[in-house]
Structures are given as structure tokens and as C-alpha cells.
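Residue numbering restarts at 1 for every chain, and letters A, B, ... go by the order of the sequence lines.
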2 protein chains.
Amino acid sequence: MAIAQDPRQNYLLAALPTEDLERVRKNLKLVELPLGEALYESGSRQRAVYFPTTAIVSLLHTLADGSSVEIAVVGNEGVIGVSLFMGGETTPSRAVVQSAGHAYRWPGKFLKEEFTLGGPMQHLLLRYTQALLTQMAQTAVCNRHHSLDQQLCRWLLLSLDRLVGNELVMTQELIANMLGVRREGVTEAAGNLQSAGLIRYSRGRIKVLDRAGLEARTCECYSVVKREFDRLLPAVART
Amino acid sequence: MAIAQDPRQNYLLAALPTEDLERVRKNLKLVELPLGEALYESGSRQRAVYFPTTAIVSLLHTLADGSSVEIAVVGNEGVIGVSLFMGGETTPSRAVVQSAGHAYRWPGKFLKEEFTLGGPMQHLLLRYTQALLTQMAQTAVCNRHHSLDQQLCRWLLLSLDRLVGNELVMTQELIANMLGVRREGVTEAAGNLQSAGLIRYSRGRIKVLDRAGLEARTCECYSVVKREFDRLLPAVART
DNA sequence: CGGACTGTGTGCGGTATCGTACACACATTT
DNA sequence: AAATGTGTGTACGATACCGCACACAGTCCG
């Protein structure tokens with residue numbers, strides 16, 4: 001399982017000109033992100049950003065009563081910890097590993113140095129942040145207007161885009177937390193998708209059988225977000 | 001009604017050191033924003049940013065079927081058009097004037113010049129953008145978990161914070177569009193607030209009678225957003 | 001003064017999701 | 001093989017909101 005790791009597995013890092021990447025990579029450290037680990041908690045001071053390669057991380061907004069919603073998902077197309085370069089240092093969100101894997105950790109000190117140079121890295125980070133804005137906005141709309149079935153499709157597709165393979169390890173309970181709905185609701189929605197032959201489900205493993213079917217069933221929110229990511233972060237050599 | 005206008009009525013501009021403001025203000029132009037005007041449409045190229053002084057602008061995300069939701073509201077604490085300095089040039093959102101008033105228009109060319117200097121203006125714009133991120137995230141959570149009554153309270157308070165006086169000109173129909181619910185739903189929620197003696201309603205005018213009462217009735221989302229704005233954009237001389 | 005329009009109130013059945021409770025299936029440990 | 005725990009399926013009434021239809025009341029205008 002020891003796959004060779006390279007910073008270029010992350011699209012943002014891969015999009016850097018070689019000389020910039022060489023300068024940056026000296027301070028990158030490969031770390032393993034186990035399922036459920038919190039990269040930062042609400043309000044806590046962040047000390048580094050993370051560029052995922054194989055891990056997927058959810059940004060969650062939690063309420064006082066404990067209920068929560070995922071507001072965005074970050075994989076190897078992005079970076080976790082935008083508040084470090086935006087200047088706020090903290091956010092009211094949490095970042096939780098949704099799918100175990102690896103990421104490159106970059107201490108805030110180096111990030112800020114590089115950011116103030118105003119070069120390609122600054123440019124990429126800001127464009128990524130705008131893509132994140134879009135994802136969050138679309139999530140807000142989706143929460144309001146679309147059925148649980150559709151939202152589940154969207155969520156599966158967003159996760160799938162950030163994974164290798166077509167299987168995700170994820171209980172219905174966890175999905176319910178992400179979507180901010182009851183676990184039973186997810187059971188029903190997932191049952192619908194399974195009856196339709198789009199996925200197969202078994203104790204915390206979801207295998208996607210018909211990706212096109214999911215795309216047909218989901219709301220426009222998925223494609224809006226995807227299109228905006230492609231527009232803002234284009235044409236890096238996506239291996 | 002011709003009140004003297006000064007860029008410093010906008011908090012971001014007011015927070016600039018004098019020399020920076022002097023440089024910037026040369027290219028600012030005071031414009032009037034009538035109710036309902038769109039500062040930019042979804043996907044259209046933005047040519048300038050706007051610093052409101054007395055106007056309030058809603059950022060709306062619209063779906064293919066025409067239904068929409070407000071994802072953030074911008075008044076004299078902020079700026080409209082963050083995608084210009086974030087690098088994307090466009091966004092899938094629309095910006096619509098929710099309450100008529102004035103704003104300072106700053107052409108994108110000058111904005112970008114100033115931004116690349118990396119000085120106080122860059123710093124302020126980025127911190128404001130982070131505050132915007134928080135507002136959007138909290139909106140997403142609120143859409144999911146809170147009752148229409150609570151959301152209406154939140155919305156009234158957010159608007160109130162950006163206005164002088166305690167009266168807002170706004171039909172229930174428009175509020176419904178902002179919140180992404182039916183007009184009748186707003187009628188009912190507003191009726192509840194009126195029975196409770198918190199507001200008085202009449203044909204497009206809402207007078208807030210008991211602000212503390214609204215704060216007691218709203219969800220935590222209002223205070224989370226407000227606190228984050230105060231933290232990120234502190235200590236400018238708020239007249 | 002009458003008409004048209006806009007904004008608001010109200011009532012109805014329909015439905016998606018909630019909250020709660022509980023049964024069952026699979027997996028891992030003893 | 002039994003025991004325990006975790007993940008999933010199912011059923012129930014409750015409820016918040018929807019979609020629709022329509023009545024009515026201010027306001028503007030000829």
C-alpha cells in the first residue's frame with residue numbers, strides 16, 4: 001500500500017512553475033490523515049495549511065446544539081486552512097478527515113512568506129478560495145431547494161471526484177452528519193439509489209455502479225461547482 | 001435628502017491609513033444605487049467593485065428554475081465584487097440592491113494595481129472576504145437547521161445593522177426571495193413577530209420596535225456572523 | 001369616483017423531513 | 001458458539017413548509 005508520494009499529486013502544487021515548487025517543497029512535509037482526525041477546530045488557531053493528495057477533508061460548520069453541516073469538501077484539488085492567508089488565523093468551522101489518506105503540511109510561517117511575494121502561489125491560493133466560495137454558496141442553495149435524494153447524489157459525486165476508484169468508505173451515519181439530516185433519511189435515499197442500480201451498499205462501503213446515472217439524478221449544484229472549479233483552476237496536468 | 005457623502009462612511013475605506021485612502025479616493029466615484037439594480041449578473045464580467053455607504057446589496061445565487069437564495073448581504077461594512085481581486089473575474093452569483101442608497105465605485109483596473117501592492121488595502125480586502133466566507137457558511141447552516149421565524153429575525157437584524165434608523169423598505173415578496181421561501185411563509189412569520197410586538201408591518205415598510213426582542217428570538221447564526229465581522233474588521237472608528 | 005394594481009391575510013390538502021422507537025444483520029471478540 | 005457492538009432497515013405520528021386559490025385592503029391613476 002506504500003504508494004510513492006509526490007507534491008504534484010495535489011493540483012495546486014502541480015500548477016506551480018517548477019522554480020516556485022522547488023522553493024516551496026523544501027518546507028512541505030508528508031503527513032498521514034486518519035479518518036475522523038480534525039485538522040483544526042472551530043476558533044482554534046491554525047498553524048499550517050494542508051495540501052491533500054489522497055485524503056478528503058470536510059469543512060463542517062457546527063451549531064451550539066451539536067448539529068452540523070458540511071459546507072465544503074476539499075481533496076487533491078485544493079488546500080485546507082485558507083484563513084491563514086486570508087488573515088483571520090481562525091474560522092468558526094472545523095476541518096475533519098472524511099476519507100483517510102495523505103496530505104502535505106506547510107507551516108503557516110512559510111505560507112505567509114510565500115504569499116507576500118505575490119507570485120503564482122498567491123494567485124493560485126486566491127483563485128482556489130474563490131472556487132471554495134462558490135462551493136459554499138451552492139451548498140447553501142442546495143440545502144434550501146433540493147431533495148435529500150439529489151443532495152446525496154451530489155455528495156457522492158463530489159467525493160468520487162476526489163478519490164481514486166469507485167468505492168468510498170463511509171457509513172450512513174457520517175453522511176447524515178455531513179448533509180445535516182437524519183441517519184434514517186440517508187438510509188432511505190441510499191435505498192432509492194440502490195434500487196435504481198446506481199450504487200451498492202454494505203456496512204460502510206459504497207460502490208458506485210453507474211456514475212452517469214448519479215449525474216442524471218443529481219441537481220444542477222454538482223455541475224455548477226465542478227464547472228467553476230474547472231474554470232478557476234484549469235489545465236494543470238491532471239494525471 | 002442630499003446628505004454629504006464621504007468615502008469614510010464605508011468601514012473598509014475608513015480603516016485605510018490616510019495616505020492610502022488619499023491615493024485610492026482619486027479613482028472612487030460616488031454612485032446612486034436604486035432598489036432592484038443588479039451590480040452584476042451571474043457569470044458576467046465584473047468591471048468594478050462597490051463600497052456601499054448607505055446602500056445594502058444582496059448576493060443571490062439563482063437556480064436554473066429561477067428560484068434563488070441570498071447567500072450574503074453587504075452594506076457599508078464591506079465591498080461588492082470580491083471575485084475581481086480573487087482572480088476569477090466572474091462568479092455564478094448576482095448582486096442586487098436590496099435597499100437603495102449610495103456606494104463608491106472603484107474600477108477594476110485601479111483595484112488590481114492597489115491590490116498587488118500588498119499593502120493595507122489588500123489586507124483589508126482579504127479579511128473582509130474571510131468574513132464573507134463565514135457569513136455564507138452560516139447561511140448554509142441556517143437554511144438547514146432553523147425555522148423560518150428565526151431566519152426572518154436573523155435577516156432583519158443583518159439588514160438593520162447596515163441601515164440608519166429602524167425602518168426598512170421591503171415587501172414580504174422580496175424577503176421571501178431572499179430567504180428562498182414562499183411569500184406566504186414570510187407573511188406568517190412576520191405576523192408572529194408583529195403579534196409579539198417586535199415589529200410593525202405595513203405595505204412594504206417594516207418598523208422594528210424591539211430590537212432586543214428580535215435578538216432573543218433569532219438563532220445563534222446572527223451573533224456568530226456579527227462576532228466574526230467584529231473580530232476580522234475591528235476598531236475602525238465606527239461613527 | 002371608479003378601476004387597476006400591488007401588497008397582505010387566510011385556508012386547504014399534499015409532502016418531505018423529523019423524532020423516536022425498535023428489529024435485524026453483519027462483524028469482531030471471547 | 002455465544003456475546004457484544006456497530007451499521008442498517010422500518011414504522012409511526014408530528015410538523016414545517018409547499019403549492020395553490022382566493023379574498024381583501026391600501027395606493028395610485030385616469
Side-chain angles (χ1 to χ4, degrees), chain A residues 35-36 63 65-69 98-99 140-156 167-196 198-207 217-219, chain B residues 35-36 63 65-69 98-99 140-156 167-196 198-207 217-219:
Chain A
L35 179 66
L63 293 172
D65 70 0
S67 57
S68 69
V69 187
Q98 183 202 106
S99 178
V141 182
C142 202
N143 280 355
R144 171 63 76 201
H145 287 294
H146 295 137
S147 72
L148 184 43
D149 272 41
Q150 291 182 305
Q151 291 182 46
L152 179 58
C153 289
R154 170 178 64 86
W155 192 87
L156 289 172
E167 186 172 304
L168 33 166
V169 177
M170 180 65 47
T171 66
Q172 297 183 344
E173 177 83 42
L174 284 176
I175 296 179
N177 279 331
M178 302 290 173
L179 296 180
V181 297
R182 286 179 321 150
R183 195 267 310 159
E184 294 89 330
V186 175
T187 300
E188 195 183 329
N192 295 340
L193 297 185
Q194 179 149 355
S195 310
L198 304 180
I199 62 174
R200 207 168 58 219
Y201 219 107
S202 75
R203 287 190 76 73
R205 298 181 171 275
I206 311 171
K207 189 169 273 177
R217 198 168 179 132
T218 192
C219 45
Chain B
L35 180 65
L63 293 171
D65 70 359
S67 57
S68 69
V69 188
Q98 182 203 107
S99 178
V141 182
C142 202
N143 280 355
R144 171 62 77 202
H145 287 295
H146 295 137
S147 72
L148 183 45
D149 272 41
Q150 290 182 306
Q151 292 183 44
L152 178 59
C153 289
R154 170 177 64 84
W155 190 89
L156 289 173
E167 185 170 304
L168 33 165
V169 177
M170 181 63 49
T171 66
Q172 297 183 345
E173 178 83 43
L174 284 176
I175 297 179
N177 279 331
M178 302 291 173
L179 296 179
V181 297
R182 286 180 321 153
R183 194 269 310 161
E184 295 90 327
V186 175
T187 300
E188 196 184 329
N192 295 340
L193 298 185
Q194 181 150 356
S195 310
L198 304 180
I199 61 174
R200 207 169 56 217
Y201 219 106
S202 75
R203 288 190 75 72
R205 299 183 168 274
I206 312 170
K207 189 168 272 177
R217 198 167 179 134
T218 192
C219 45

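In this structure, B:C153 SG and B:L193 CG are separated by 4.5 Å, a value rounded to the nearest 0.5 Å. Here the straight-line distance linking atom CG of A:L152 with atom CG of A:L198 works out to 10.0 Å at 0.5 Å rounding. In this structure, CG on A:L174 lies 8.5 Å from CD on A:Q98, to the nearest 0.5 angstrom.
The overall bend of the helix from C:dC1-D:dG30 to C:dT30-D:dA1, read as the angle between its terminal helix axes built from five base pairs each, is 20° when rounded to 10 degrees.
The nearest whole Å value for the distance from the CZ atom in B:R200 to the P atom in D:dG26 is 14 Å. Per the geometry, CG belonging to A:N192 stands 13 Å off C1' belonging to C:dT17, to the nearest Å. In this structure, B:L193 atom CG and C:dG9 atom P are separated by 12 Å, rounded to whole Å.
Residue B:E188 qualifies as open at atom CD: its count of foreign heavy atoms under 6.0 Å is 12 or below.
Side-chain atoms of B:N143 come within 3.5 Å of backbone atoms of A:A140 as a donor-acceptor pair (strictly under, hydrogens ignored). The backbone N or O of A:V181 lies less than 3.5 Å from no partner atom in the side chain of B:R144, so there is not a single donor-acceptor pair. Of the possible polar contacts, none joining the B:E167 side chain to the B:R205 backbone as a donor-acceptor pair under 3.5 Å is found.
In terms of the salt bridge (Lys or Arg N to Asp or Glu O under 4.0 Å) criterion, A:E173 has no residue partners (sequence neighbours excluded). By the salt bridge (Lys or Arg N to Asp or Glu O under 4.0 Å) test, B:R200 is found to be paired with no residue, residues two or more places apart in sequence or in another chain being considered.
Every pair passing side-chain hydrogen bond (donor to acceptor under 3.5 Å, both in side chains) that includes a residue from residues 178-187 of chain B is listed here, sequence neighbours excluded: B:Q172-B:T187, B:R183-B:T187.
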Please write out the pairs of protein N or O atoms and N or O atoms of nucleotides 15-17 of chain D separated by less than 3.5 Å, giving the distance to one decimal.
from: D:dC17; atom 1: OP1; to: B:L148; atom 2: N; distance (Å): 2.9

Grab the N/O contacts between the protein and nucleotides 6-10 of chain D below 3.5 Å, and write none if there aren't any.
from: D:dT6; atom 1: O2; to: A:R203; atom 2: NH2; distance (Å): 2.9
from: D:dG7; atom 1: O4'; to: A:R203; atom 2: NH2; distance (Å): 3.4
from: D:dT8; atom 1: OP1; to: A:G204; atom 2: N; distance (Å): 2.8
from: D:dT8; atom 1: OP2; to: A:Q172; atom 2: N; distance (Å): 2.8
from: D:dG9; atom 1: OP2; to: A:Q172; atom 2: NE2; distance (Å): 3.2
from: D:dG9; atom 1: N7; to: A:R183; atom 2: NH1; distance (Å): 3.1
from: D:dG9; atom 1: O6; to: A:R183; atom 2: NH2; distance (Å): 2.8

